[in-house]
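The block underneath contains the structure these notes are about, expressed in structure tokens.
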Amino acid sequence: MTTAAQPLHRRLGMTDEEHESVLGLLRRDPLPAELAMYSVMWSEHCSYKSSRAHLRRFPTEAPWVVVGPGENAGVVDLGDGWLAALRIESHNHPSFVEPYQGAATGVGGILRDVFTMGARPIALWDQIRFGPLDDPKNRYLFNGVVSGIAGYGNAVGVPTVGGEIEFDPCYTGNPLVNVMCLGVLRREQLTLGTAGPPGTVAVLLGRATGRDGIGGASVLASASFDDESQEKRPSVQVGDPFEEKKLIEACLEMYQRGLVAGVQDLGAAGLSCATSEPAGRAGVGLDVDLDQVHVREMDMTAPELLMSESQERMMAFVPSEKVDAVLGVAERWEIDSAVVGTVTTGGTLKVRHQGEVVAEVPAASLADDAPLYDRPMRRPDWIDDLWATPALPLGGDPADVLLRLLDDPAIGSTAWVHEQYDHMLFLNTVIGPGSDGSLIRIRGTEKGLAVSSDGNGRLCHLDPRAGSARLVYEAALNVAVTGARPLAVVDNLNFGNPEKPEVMWQFRESVEGISEACEALAIPVIGGNVSFYNETEGVDIHPTPVVGLLGLADPMPRQPPRLSRAAEGMEIWEIGTGPTSNLAGSAAQRVVNDELIGRPTPPDPGAARQVIALTNGLAHRVPVLHDVSDGGLAVAVAEVCIASGIGARVAVDDPGPLFSEDPHRVIAVFDPGTVVLPIDLARQVGVIGGDSLILGRSGSIDLETLTRTHRDAIPRRMAG
Amino acid sequence: MKVTVEITRRPEIADPQGTTIQRALHDLGHNEVMSVRVDRVIHLEVQDDDPNDVRARVEEMCRQVLANPVLEDFAVEVSE
Amino acid sequence: MKVTVEITRRPEIADPQGTTIQRALHDLGHNEVMSVRVDRVIHLEVQDDDPNDVRARVEEMCRQVLANPVLEDFAVEVSE
Amino acid sequence: MRTAVVVFPGTNCEMDVAHAITALGGETELVWHRHEDLSNFDGVILPGGFAHGDYLRTGAIARFSPVMDEVGRMAAEGRPVLGICNGFQILCEAGLLPGALIANRDLAFICRFVDLEVTDTDTVLTRSTELGQRIRIPLNSYEGNWVDPSNSGRVALRYLDDPNGSQQRAAAVANDGGNVVGVMPHPERGIDELLGSGDGRALLEGFLHSLVPA
Ligand SMILES: Nc1ncnc2c1ncn2[C@@H]1O[C@H](COP(=O)(O)OP(=O)(O)O)[C@@H](O)[C@H]1O
Ligand SMILES: [Mg+2]
């Protein structure tokens with residue numbers, strides 16, 4: 001091992017050039033604590049040095065945007081004094097190292113990002129991706145991640161109301177664990193991550209600081225994963241949902257009583273971030289005394305204190321006359337607190353430890369002067385080959401294909417997962433897991449918040465730009481089926497190694513695709529997260545952007561459409577431009593032919609807008625609306641049958657139209673003659689009734705088989 | 001043979017449960033309690049007569065399922 | 001002083017954790033495992049020099065809160 | 001007629017319970033666990049959640065909260081005392097109900113609607129229902145598996161299937177007087193058909209009808 005001989009900055013994960021920049025900035029050799037701070041703040045995870053230039057492409061403005069990207073969470077206006085805060089975050093690498101705690105601390109972190117804004121977190125979503133379940137290691141990871149999300153989310157008391165699951169060999173060495181949180185607040189409670197004017201006092205709230213997670217941002221999340229990662233294990237953090245619950249309530253009380261000037265959570269980069277960012281944003285300096293920090297371990301050094309990622313901590317910036325009140329609130333909620341600093345004029349972050357000044361740097365430089373990389377990009381040659389290869393036809397009987405699809409763990413019932421999550425707390429979950437979008441009511445108003453999150457690594461592998469755009473359209477359609485109009489998007493960009501030009505190209509294309517779709521729908525991106533270095537032993541994951549979309553239904557439909565409301569004699573209509581038969585990137589292509597080739601149908605912004613508008617109106621009138629996505633029309637109808645406990649007769653039996661996943665399509669189910677649909681955009685495809693699902697002349701599946709296959713897809717695999 | 005496995009959380013890993021119990025004991029007036037940590041003991045009965053063999057097998061079980069190597073250490077004790 | 005408390009589940013009370021672990025071990029081929037029981041050990045550090053006194057106090061903590069008499073028995077061991 | 005809804009650190013269903021009681025015409029107040037006086041209340045509910053993080057054992061630490069002396073007094077006076085989910089666990093730990101709750105048989109958290117059957121109508125929770133009546137409300141727990149070596153509890157509600165291994169398939173258990181009841185599924189989550197069921201109303205109405213002025 002040569003590590004001992006390496007200079008400190010390299011051991012901290014900094015390049016020589018980055019070290020030079022620090023020298024240039026400070027005009028002297030940095031002290032160890034200073035170098036520690038720069039190393040974590042300038043890590044990929046915290047500084048977005050490879051992605052920042054591209055993220056500027058996102059449209060971020062709309063009249064209803066209250067806070068756009070750059071703060072802890074995006075905030076939009078819902079009318080009548082109500083605001084919503086939304087944020088998504090990844091915890092991929094920590095979840096691979098320790099699935100339970102990795103996922104749990106991911107939930108803890110995303111909650112803090114939302115209640116930092118003054119909002120009460122009201123719902124969580126998880127987007128999780130693993131290798132195939134026939135590998136015991138993948139089962140272990142899947143089980144651990146789901147238990148971790150359940151263990152933390154349930155105990156902290158925020159319902160997990162939806163999410164998505166995908167399985168693909170590309171995630172075997174690198175599972176993806178994204179979590180998203182929605183909060184609501186009254187306008188006057190909005191709180192920003194700012195340090196306030198000179199004289200403001202910094203109060204550290206929550207759990208004692210230990211050595212946990214030191215270098216988590218720079219080491220775990222900002223570098224590739226290999227056998228050396230084993231040695232990085234001491235950075236595992238352990239979540240404490242109980243502490244976080246108390247912290248949420250204490251902070252919300254402080255906001256309500258107007259006790260704080262600003263708040264910043266301590267996530268990646270810990271104290272380094274929670275001191276420099278708020279000071280930088282406010283254009284002030286900060287004097288910090290590390291001896292005041294309440295600690296859980298003895299003899300921690302200044303760099304350790306500054307880099308620790310101990311969980312469940314918040315930094316409150318408090319006007320001096322309100323400090324006693326803040327400490328009182330903390331005491332009442334039985335959380336620890338410590339006055340650790342004071343805001344100063346001049347912009348210098350000055351840190352003392354055991355009577356010595358251990359750091360004295362321009363506060364804003366830690367965030368603003370981070371390196372910015374314009375990494376080379378190259379369109380991979382294999383894309384054209386993939387596009388040129390025609391997809392194999394789907395052999396076999398369509399009824400058979402349908403059963404194989406329903407037995408697929410990514411398409412079958414998610415009950416094994418979502419029944420482990422409390423998804424009903426707060427009595428607002430009108431539509432919960434197992435449908436398209438979730439619908440959360442705001443009690444005391446007519447409003448419903450509809451949220452959907454969508455990702456599709458296989459589609460984005462074939463065409464990162466069109467695939468990413470389609471995610472936005474799909475999410476928009478998912479919220480439209482609950483009667484909501486799209487308001488804003490957050491994104492989580494999970495990609496491979498950005499030092500590879502092909503990965504950087506995929507990244508740029510994906511940002512472009514998301515931006516184009518958002519522009520077509522006139523909705524802004526209000527926040528997101530980038531996770532690079534998702535590769536194992538040199539193999540990158542599929543480009544896997546995940547889009548979270550917030551919609552507002554105002555008023556919310558009195559009887560929102562549900563998959564379970566189909567009844568004997570109702571007609572099944574498909575809405576969207578047709579006919580469709582492209583199977584590139586579809587679930588059927590994967591399940592039947594085990595291949596990933598072809599060029600998926602690109603989105604059609606005009607058709608998307610039309611279908612979304614039509615669906616939006618129908619949501620107030622029809623009993624069932626369901627978007628056609630994974631598994632195509634056949635699976636969409638089957639899901640309605642299963643949820644409603646009734647059969648159907650579908651007139652289609654060509655595999656193309658049955659299993660294609662072409663965009664902008666929904667099915668509507670309603671009593672004959674109750675709804676008139678435009679002929680150019682809709683066609684009847686079947687009727688509800690009987691106790692089996694009949695696909696044209698191709699065969700029929702009895703309801704019981706349909707239901708059992710769908711229900712057992714995950715449990716039968718997890719049983720080993 | 002009877003085997004006892006003690007699974008202990010690694011010292012550097014935070015132990016929120018211990019912290020909470022300690023607080024509760026203080027609330028109950030037991031201020032003399034300086035620290036608390038909660039671990040697991042697993043008692044196994046294994047059908048085999050060779051203590052060395054049993055130990056080796058149980059150690060393997062620990063690595064496979066009983067302990068979480070990222071967070072925990074284990075100690076195996078074979079009796080009778 | 002260091003005190004170890006072992007809290008054991010009464011034999012007549014079901015132990016879902018033990019059952020599940022045993023099943024997992026059998027799945028992995030460890031059919032030699034006849035029974036599994038999971039208990040808890042609580043390690044306390046108590047500021048006091050009289051072992052008898054310490055034992056009495058910790059036994060009281062056990063009766064009060066550390067063990068649930070409906071489900072569990074406890075054994076206290078004082079060291080150093 | 002007022003009901004105290006007790007909040008321990010880690011409790012999370014208090015707002016839902018207060019909302020449900022208010023929606024049914026009752027009057028509630030959230031009471032912090034350090035409160036030492038419930039003389040202004042005619043009944044008390046311990047709502048669900050994870051008091052003290054469920055550390056050590058569910059309910060173990062909560063039962064020492066100052067408010068629990070008052071809960072014990074009200075139980076002894078025959079006033080309605082209802083523990084829901086974590087509240088049930090606390091009442092068992094406090095010895096106000098027989099038995100204890102251990103981990104679900106399958107060691108997984110369960111959140112879904114369950115079907116129940118009324119097996120005893122002489123309790124504050126079930127007095128407005130009929131023997132054999134079917135009730136559908138959500139279950140939401142990891143430690144919902146009730147064991148009672150003394151075989152002394154009165155089972156007021158029973159699961160139709162067996163989700164968690166609970167002895168006698170018990171979903172709700174009462175003391176001898178029927179005034180102290182622990183229920184594992186959540187009646188407050190069953191007061192609105194829009195959210196899936198209104199069956200919980202009959203249970204909470206029973207509780208409200210049991211309140212008599214202090
Ligand atoms: N892919 C993205 N799209 C839009 N905004 C992004 C993206 N990635 C990061 N951001 C924004 O950059 C800001 C900083 O993110 P980050 O440093 O990850 O926050 P935190 O420290 O709270 O985790 C946030 O406002 C976030 O929304
Ligand atoms: Mg943040």
Side-chain angles (χ1 to χ4, degrees), chain A residues 120 122 143 146-147 149-161 239-250 332-335 415-434 439-441 443-444 448 556-560 562 564 715 718-719, chain D residues 7-20 22-23 30 32-35 47-56 58 61-62 65 85-86 104 106-114 137-143 163-164 185-197 200:
Chain A
R120 174 177 285 280
I122 60 163
N143 189 43
V146 170
S147 315
I149 293 168
Y152 202 101
N154 298 349
V156 78
V158 179
T160 303
V161 303
D240 182 1
F242 172 53
E243 189 70 24
E244 180 117 325
K245 167 69 178 171
K246 296 186 291 180
L247 202 51
I248 292 176
E249 299 302 334
R332 186 177 113 76
W333 286 102
E334 304 178 17
I335 58 175
W416 185 89
V417 176
H418 71 241
E419 288 183 356
Q420 296 192 48
Y421 301 154
D422 181 350
H423 52 270
M424 306 181 190
L425 186 70
F426 298 150
L427 310 183
N428 294 328
T429 313
V430 177
I431 302 209
L439 184 60
I440 310 291
R441 67 180 174 187
R443 276 211 307 266
M556 193 173 84
R558 299 211 170 280
Q559 280 298 329
R562 288 179 198 274
S564 58
M718 293 310 284
Chain D
V7 185
F8 300 91
T11 297
N12 60 35
C13 297
E14 72 274 21
M15 289 178 290
D16 295 1
V17 169
H19 167 76
T22 312
L30 300 183
W32 186 238
H33 75 123
R34 297 210 179 261
H35 232 72
F50 289 72
H52 298 278
D54 268 2
Y55 293 136
L56 190 58
T58 58
I61 298 176
S65 284
C85 196
N86 192 219
N104 294 339
D106 296 335
L107 286 188
F109 193 94
I110 301 173
C111 178
R112 63 173 166 90
F113 277 91
V114 288
I137 52 175
L139 178 65
N140 184 67
S141 52
Y142 184 86
E143 266 133 341
N164 51 20
H186 290 254
E188 82 279 9
R189 294 188 182 191
I191 61 153
D192 191 340
E193 279 77 5
L194 186 65
L195 304 184
S197 169

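- Closest approach of D:His19 and A:Leu427 over heavy atoms only: CD2-CD1, 3.7 Å.
- Put simply, of A:Lys246, A:Lys245, A:Met424, the one with the most heavy-atom pairs under 4.5 Å next to chain D is A:Met424.
- When each of D:Asp192, D:Asp16, D:Asn86 is checked for heavy-atom pairs under 4.5 Å with chain A, D:Asp16 comes out on top.
- Contacts of D:Asp54 with chain A are absent, with no heavy-atom separation under 4.5 Å from either backbone or side chain.
- When heavy atoms are compared at a cutoff of 4.5 Å, D:Ser141 does not approach chain A at all.
- The CG atom of A:Leu425 lies 5.0 Å from the CG atom of D:Asn12; values are rounded to the nearest 0.5 Å.
- The two residues D:Met15 and A:Phe426 make their nearest non-hydrogen contact at CE-CE2, 4.1 Å.
- Heavy-atom contacts from other residues, nucleotides or ligands closer than 6.0 Å to CZ of A:Arg443 number more than 12.
- Contact of A:Arg441 with chain D is made through the side chain alone, with heavy-atom distances under 4.5 Å.
- Interface check for chain D: of the options A:Thr429, A:Asp240, A:Val156, A:Val158, the most heavy-atom pairs under 4.5 Å are formed by A:Asp240.
- Put simply, of D:Ala108, D:Pro9, D:Pro138, the one with the most heavy-atom pairs under 4.5 Å next to chain A is D:Pro9.
- With rounding to the nearest 0.5 Å, the separation of SG in D:Cys13 from CG in A:Asp422 is 7.0 Å.
- Ring geometry for D:His52 versus A:Phe242: interplanar angle of 30 to 60°, hence tilted.
- D:Tyr55 touches chain A through its side chain: at least one heavy atom from C-beta onward sits under 4.5 Å away, while N, CA, C and O do not.
- Using a 4.5 Å cut-off between heavy atoms, A:Gln420 touches chain D through backbone and side chain atoms alike.
- Closest approach of D:Leu194 to A:Met556, counting heavy atoms only: CD2-CE, 4.0 Å.
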